[in-house]
Amino acid sequence: MQHNMIHPTAPPLAASESHISSRTLPGWVGAVLLGITALALRGLQLSDFFTVDESFHWVWRVQHFTGSIRQERWADTNLTGHPGVTTLWLGLLGRRLALALGVSTEGLAEGSAAIGYLALLRLPLAIVHSLAVASGYLLLRRLFTPTLALLAGILWAASPFLIAHSRLLHLDALLTSFMMLSMLLLLVALLPPTDEPTPAPRWQMWLALLGSSVCAGLALLTKAPSLLLLPVAGLTMLFFGPEAGLWARLRGAVLRYLPWLACAVAVFWALWPAMWVIPGQAIASVLEEIFGNGAVPHHTGNFFLGQPVADPGPLFYLAVIGFRTTPITLIGLLLLPLALRQPGRARRALLALLVYAVLFTLALTLLPKKFDRYLLPIWPVLCVLAAAGLTSLRLPRAWRRWSAQVVRSVALAAVVVFLLITNLWYHPYYLAYFNPLLGGGAVAQRVMLVGWGEGMEEVGAWLRTRPDLAQSPVLSWDPRALEPFIPVRTIFLDDYSVNQPASYAVLYARSIQRHDQWAAQQQASQGAPLYTFRKYGIDYAYIYQPPRPFDTPTDALFGDGLHLRGYSQHHNPLEHTLVFTPSWNVQVDQPGGWFSFVHMLDEQGIRVAQVDVPIDGGLFATWQAGQQFGTALPIPLPPDLPPGEYRIVLGVYNPATGARMPLRAGDALPPDMNGAEVLDVGRFVYRP
């Protein structure tokens, strides 16, 4: 029977290793195609939004690291205990590329040029991740059938969760790439192909071990969770070594592990200049990061299953796997037991990867500080395990008239089309992806933290259309993530004060979920939101206008929804004016253009001073519920005004018709004193 025909017992979708079609896609072609696909998904439109960690940490760290390298200040390269050295080196390349292209590198609050700088900082990381996908595919072909390897490579290249973090100037995706390559190279060294006529030369095994140790060293330079590679690599060498007998295997594992570890340490030392001059301090900073940061809950808390919490608990990472995987990957993982029933070298490799994923997940679960991105290092493993489950499916009887090659090709094409459509739909908002089988983002935002800065560019675009934007600073949960997108100063929401006006306040999903800056959020969001940025079912950001400050409350209402919260007044003797500052709150949408008058009356009710101004400064044709107005109104006082107590009254009118807006609530002035619909605001004691 020809090998490309369906076997009567209906073999799995992936042919066994002894039945690989000669028409299988050449390895280098698949690697190139996967690499190009991965780079297109990771490298296009990199100047989208600015994540929290990039804005607060990594941009300035790259700048500082670059200066330290240029001036040979090796000790100053110890910037964080992560230690993040690979991110800093790649960021350095991006910074030098920006300088070579003439792109501004003076910060990320200068508009489009600065955003272009951010894209160039991210580009080297996107390239490295794409190369990791291509290299990983070639290694997978050494361990599994070409079909399984190709499907795993496709899932790896097109995973939205991986793509999202592979586009950032950050740590977790780099940690993922280096740890996965290290594990695959280690398995290639320990599990040589069994279908080759002659055993592979020993130098090939040692070359793979060398590559594994180099990648392990790069992982150690990236982030502390890579330390889990050290025991996992040792156990893998022990249980999957080629020797027969426990003691022989133990001896062989030790002889392989010691040079593997030595090489990883050498890479760690060679590429981190701080290790050359202050190794003790550098190591101490890593330990401090592990025990002083990673081993305690996040200082702003967390969110899980609808509640702000310090530690989301043991179910958190199971929820992450469910919500962050694609339906294809999730279904493949459920089918994994089918693949594990098949004996052979592939099963041993799958077991090794499964143990690695389980141990890594358990280690993270024991720590109180939990975020979904911390689980990224097992994501390529999940892709491989899912591919194994999917390719273990047996063909239905109705399909047996077709060749296995045709069925595999159609199935792979369907997977590619589905993932391509998914990624095109979410581009560039890959962080917004949540598994549609579980309800997508609309459900996910009630389960775990959402939002890491995405949407702030849309918030900035809306704010730039506001004519009153420049009147005062903008409050934000994270000013640096918003600054590149607006031309005015931003300040932390926690710095909000009722005595310091702010033109707008931006509240963000992540902050709202965990009640971060909660008192300030409540104070700044007393009205209706003027703008809500919603995408893929997730309510990312709300824009409010904080109440304008006032000293004396009035709680008066004009018309159907023009609310006067209160007012402030003070005498400016140098300019001989009474400065009256109202605090207006628009409660319902309505036409704009209304004026207010403020009159000062003496004891006989005679008007001695006044001012008439548009309530909104003449800026808005229509008013939206939630808008706040509070322009200071200087009332000129007559030069010969005698000392005494004066009555302050206020009304609202249409300048085109002169008709006054009805006063619905508040202390009304008798109509015979100053006309109808006038609010008796208060008293002013004048002393020259």
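Being a predicted model, the structure only gives us computed values, none of them experimental.
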Rounding to 0.5 Å, atoms CH2 (W276) and CD (E72) come to a distance of 9.0 Å
Sorted by chain and number, sequence neighbours left out, ring pair (Phe, Tyr, Trp, His ring centres under 6.0 Å) with F323 holds for none
*R510 side chain to G451 main-chain N or O, any donor-acceptor pair under 3.5 Å?*
yes
Before you tell me yes or no, could you show the steps for D478 and S55 under side chain to side chain contact (heavy atoms under 4.5 Å, CB included), namely the whole-Å CA-CA distance, both residues' side-chain angles and the distance that decides it to 0.1 Å? CA-CA 9 Å; D478 177 17; S55 64; 3.6 Å; yes
Audit row: M183, V232, side chain to side chain contact (heavy atoms under 4.5 Å, CB included) steps and yes/no
CA-CA 9 Å; M183 281 298 300; V232 169; 3.9 Å; yes
> Do W89 and F65 have their ring centres less than 6.0 Å from each other?
Replying inline: yes
Between V188 and A208, the two heavy atoms sitting closest are CG1-CB, 4.3 Å
Contacts of F434 meeting ring pair (Phe, Tyr, Trp, His ring centres under 6.0 Å) (sequence neighbours excluded), chain-then-number -> none
Rounding to 0.5 Å, atoms CG (L118) and CZ (R122) come to a distance of 4.0 Å
Query raised in the report: Between W462 and V459, is there a donor-acceptor pair closer than 3.5 Å when you use the side chain of the first and the backbone of the second?
Result: no
Would a distance-only check, ignoring hydrogens and angles, find a side-chain to backbone donor-acceptor pair under 3.5 Å from R42 to A157?
yes
Shortest non-hydrogen pair, A432 vs Y540, comes out as CB-OH, 3.0 Å
Item checked: Side-chain heavy-atom pair F485, R464 within 4.5 angstrom cut-off -> yes
By salt bridge (charged side-chain N to carboxylate O under 4.0 Å, His left out), R73 pairs with (sequence neighbours left out) D76
Sequence neighbours excluded, the answer for side chain to side chain contact (heavy atoms under 4.5 Å, CB included) partners of A75 is V277, I278
Residue pairs passing the salt bridge (Lys or Arg N to Asp or Glu O under 4.0 Å) test with at least one member in residues 160-183, sequence neighbours excluded, are D48-R167, D172-K223, D172-R373
Would you say M180 and I378 make side-chain contact, with heavy atoms under 4.5 Å? no
Sequence neighbours excluded, the answer for ring pair (Phe, Tyr, Trp, His ring centres under 6.0 Å) partners of H298 is F371
Checklist entry - Is there side-chain contact between T236 and L187, with at least one heavy-atom pair below 4.5 Å? => result yes
For this session: Would you check if P83 and W272 make a side-chain contact, meaning some heavy-atom pair closer than 4.5 Å?
Result: yes
**OP:** Fit a plane to each ring of Y429 and F533, take the angle between them on a 0 to 90° scale, and name the class: parallel (under 30°), tilted (30 to 60°) or perpendicular (over 60°).
**Re:** tilted
Determine whether I328 and F418 satisfy the following criterion, side chain to side chain contact (heavy atoms under 4.5 Å, CB included), listing intermediate values before the conclusion. CA-CA 9 Å; I328 294 173; F418 176 82; 3.4 Å; yes
L171 side chain reached by W58 side chain, heavy atoms, under 4.5 Å:
yes
| Is a donor on one side and an acceptor on the other found under 3.5 Å between the side chain of R95 and the backbone of Q63? | no
For G91 and L121 the tightest heavy-atom approach is O-CD2, 3.4 Å
Run the numbers on T300 and D516 for side chain to side chain donor-acceptor pair (under 3.5 Å), then give the verdict.
CA-CA 6 Å; T300 56; D516 184 24; 4.8 Å; no
Here the pair of heavy atoms bringing T222 nearest to L175 is CG2-N, 3.7 Å
### Task
Check whether any side-chain N or O of T77 sits under 3.5 Å from a backbone N or O of W74 as a donor-acceptor pair, and report yes or no.
yes
Please tabulate, for side-chain N and O atoms in residues 260-269, each donor-acceptor pair with protein atoms closer than 3.5 Å (sequence neighbours left out).
from	atom 1	to	atom 2	distance (Å)
W260	NE1	S212	OG	3.0
W269	NE1	M275	O	3.2

Backbone of A126 reached by a side-chain donor or acceptor of S130 within 3.5 Å:
yes
L174 side chain reached by L90 side chain, heavy atoms, under 4.5 Å: yes
Output for pair (T86 OG1, L221 CG), nearest 0.5 Å, gives 6.5 Å
T51 and E54 have their tightest heavy-atom pair at OG1-OE1, 2.6 Å
Evaluate the criterion side chain to side chain contact (heavy atoms under 4.5 Å, CB included) for residue pair L362 and V358; output intermediate values, then yes/no. CA-CA 6 Å; L362 289 176; V358 170; 3.9 Å; yes
* To do: Answer yes or no: is there a donor N or O on one side and an acceptor on the other, between the side chain of S226 and the main chain of A219, under 3.5 Å?
  => yes
Residue pairs meeting salt bridge (Lys or Arg N to Asp or Glu O under 4.0 Å), one or both in residues 267-288, sequence neighbours left out, come to none
Rounded to the nearest 0.5 angstrom, the CG-CG distance for L359 and L364 is 11.0 Å
Value for CZ (R324) from CG (L376), rounded to nearest 0.5 Å, stands at 9.0 Å
>> I'd like to know whether CH2 of W425 has more than 12 heavy-atom contacts from other residues, nucleotides or ligands below 6.0 angstrom.
In response: no
message = So does A387 get a backbone contact from the side chain of T391, meaning a donor-acceptor N/O pair under 3.5 Å?
response = yes
Of all heavy-atom pairs linking A541 and Y508, the shortest is CB-CD1, 4.1 Å
Residue set satisfying side chain to side chain contact (heavy atoms under 4.5 Å, CB included) with F492, at least two apart, ordered chain then number -> F56, P479, D495, Q517
**Report entry** Donor-acceptor under 3.5 Å (E289 side chain, T80 main chain)
**Finding:** no
Hits for side chain to side chain donor-acceptor pair (under 3.5 Å) against Y317, two or more places apart or cross-chain, chain-then-number order -> none
Considering only heavy atoms from C-beta outward, does the side chain of P327 approach that of P436 to under 4.5 Å? yes
Output yes when a side-chain donor or acceptor of N302 lies under 3.5 Å from a complementary backbone atom of P312, and no otherwise. no
Residues passing the side chain to side chain contact (heavy atoms under 4.5 Å, CB included) test with P231, sequence neighbours excluded, are L228
Note to self: When you compare the side chain of P377 with that of T176, does any pair of heavy atoms fall below 4.5 Å?
What the structure shows: yes
With sequence neighbours left out, the residues meeting ring pair (Phe, Tyr, Trp, His ring centres under 6.0 Å) with H165 are F161, W452
The reported gap from CG in L33 to CD1 in I154 (rounded to nearest 0.5 angstrom) is 9.5 Å
The side-chain contact (heavy atoms from CB on, under 4.5 Å) partner of H427 among L44, T422, L41 is L44
